[in-house]
Amino acid sequence: MTPQYILVNGDLRTGVSLSGPWHWSLDPYRDGLYDFHGKPYDPTKGRAMDISVADAMAKNPNALFEHDIHRAPVTQVPGSWIGYDPETRHYDGLMWYLKTFDAPARSAKRVFLRFGAADYRADVYLNGQKVGSHEGGFTPFSFEVTDILREKGNNLIVAVDSKRSADTVPPTITDWETYGGITRDVRLVITPQTFVDDDFIRLTKDGRIAADVALEGAGKAGTAVEVAIPALKLTLKGTTDAQGRVSLSAAAPKSLKRWSPDTPVLYDVTVKAGEDTVSDRIGFRTIEVRGADILLNGEPIYLRGISLHEEEFGTSPQRIITQSAARALLGEIKYGLNGNYVRLSHYPHSEVMTRMADEIGLLVWSEVPVYWTVKFDSPTVLKAAQRMQAENILRDRNRASIIIWSIGNETPVSDARNSFYTAMAQHARAIDGTRLVSAALLSHRQIVDGRIDITIDDPIVPELDVLAVNTYNGWYGNDKIEDVPNTVWHSASGKPLLLSEFGADAQYGHFDSEHHSRFSEDYQVDFYNGTLAMADKIPFLRGMSPWILKDFRSPRRQTTWQEGWNRKGLVSETGQRKRAFFVLSDYYKKKAAEE
Ligand code: GCU
């Protein structure tokens, strides 16, 4: 399921940004794709035509056009259309975009159009030609446009359709807002004729610096490759094989400072091949499971984390994750909560976020949106999910912060789901055998001898390196919070367990000291105290990512205290810290002191 072009480091490598002002035009009846009898219609004869309607009508006043994207409103890309205009706040459908630009000087080089993400499906047209389509709202995709570009006035038209269905990943029903649109940066990436398409550079468990490099282009075979890490005085050299690939390694120099949350050391690494040079900043660390322990650089670690959706602080987030937005969110986890870990749920977050985790030192759980009821018996849906997995892993394999690839969240157990999940776990390991594979599971709950009794007996457990369970006893269901600390947990696997979610809604500033009623901050504090007391008694627990750092938009949450927001955040959407924030931050401070 590997994409045609990986363009590793595509967010930073040589090129030109196309982010900024774009025209946008609604198409609720999809008449850019279908005619009035619903028959498929070639957009290059309509909305994706390579013309200026104004010029065409000036030339022929009798000509009829009923769309004119060159004179449509303008917005800033990246960002979701829920912020463009009051009429697009709840829009869920097809949107057309136009960006007109002059080609960068590039001589005989190759040019690729790279999108950081577009949610959910994108069809891309350049100068009246279709260059390609992409499915999936959270991973990068690229198309070569070398021979379609012209010097001046390139018309890039993109149709983005946010509509999901039972056949999409995720399906229609989720517990988060759909942020339709071109939600991450768009760039022209410029490369030599033969270029570094992929590299995977890491520290191996046997103490070697390893580099797998793959070239693309006519000259990919038999080309000299150099991977240099100047600060380590280390240069790996080799020559690519007939497929344009080479694997290099050397013993790690004694001077190597391993990456960790406490020491997030990143090294400048340069990959040279022929005329191409790609530079990155990479941390070197190892991660593994030994019995019930998770070992970072050979030492047991407890993951002091929290979950996070891709939504910036503010009263009306539009999924614009700038460096300062990412720093604000991850900084609150690291410095506010005394955390060392973040679960980036429920889909691959922006590369701005994963690079920020590398920089400030947070371990990361990365996840593909196999969420709730995906169509598990469909080979097409499995292919789509594995494609997203490949795009996610190939984008982020050089990010030291990422230690876990999650294959999904709270999916109902069935034979079809078990084989889907097994295929996902195997596919993740095939692309990256160095990280741990997990999934956020539901568990088997009953009352035994008057106590809550939880057994982790999901049939997918043998496929996972780390178990993870979402547990809401004391919020969902009838358990009383006072019964939660005495919960008994059973797991026959001997594998480490993470509590991947637990949480309770509370509206910031809403207190009920008398009754501690639901949605009050008092209730949320009680819930955290009860659940953390339970956590202390689980012998094979090695970390947690409570649900969730920040209140986030969800159309499924419509009580007085919610009004379209899921309020399980420990901070409000504008970052106001609730009382429970300090319960967790004190708990982690003590945990950190025990290390
Ligand atoms: C579920 C789910 C989350 C959801 C949360 C909740 O476990 O994984 O996506 O937001 O619980 O109910 O708040």
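Order of appearance sets the numbers: ligands from 1, and atoms from 1 within every ligand.
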Tell me the contacting part of [X] for ligand 1: side chain, backbone, both, or neither, using a 4.0 Å heavy-atom threshold, strictly below.
X	value
Ile548	neither
Asn409	side chain
Trp475	neither
Arg557	side chain

Hey, does the Lys NZ or Arg CZ of Arg518 hover above the aromatic six-ring of Trp475, less than 6.0 Å from the centre and inside 45° of the axis?
yes
Cation-pi geometry met for Arg579 and Phe582 (6.0 Å, 45°):
no
Output all residues satisfying side chain to side chain contact (heavy atoms under 4.5 Å, CB included) with Lys578, sequence neighbours left out; order by chain, then residue number.
Ala506, Tyr508, Glu521, Gln524, Asp551, Arg567
Between Arg435 and Ile403, is any pair of side-chain heavy atoms under 4.5 Å apart?
no
Look at the side chain of Asn418 and the backbone N and O of Ser414, then say whether any donor-acceptor pair between them is shorter than 3.5 Å.
yes
For ligand 1, is Tyr371 a contact, meaning one of its heavy atoms is under 4.0 Å away?
yes
Which of the listed options, [options], holds the heavy atom that is closest to [atom]?
atom	options	answer
atom 5 (C) of ligand 1	Phe502, Tyr476, Tyr472	Tyr472
atom 10 (O) of ligand 1	Asp175, Asn470, Thr471, Leu442	Asp175
atom 1 (C) of ligand 1	His309, Glu501, His346	Glu501

What atoms of ligand 1 come within less than 4.0 Å of a heavy atom belonging to Phe552?
10 (O)
Within 4.0 Å of some non-hydrogen atom of Lys568, the atoms of ligand 1 are 6 (C), 12 (O), 13 (O)
Protein contact to atom 7 (O) of ligand 1 [nearest heavy atom, distance to 0.1 Å]
Glu410 OE2, 2.4 Å
Does the gap between the ring centers of His346 and Trp547 come in under 6.0 Å?
yes
Are the ring centres of Trp176 and Tyr347 closer than 6.0 Å?
yes
Between Trp547 and ligand 1, is there a nitrogen or oxygen pair with a distance under 3.5 Å?
yes
Decide whether Asn392 and Arg397 meet the rule of one side-chain donor and one side-chain acceptor closer than 3.5 Å.
no
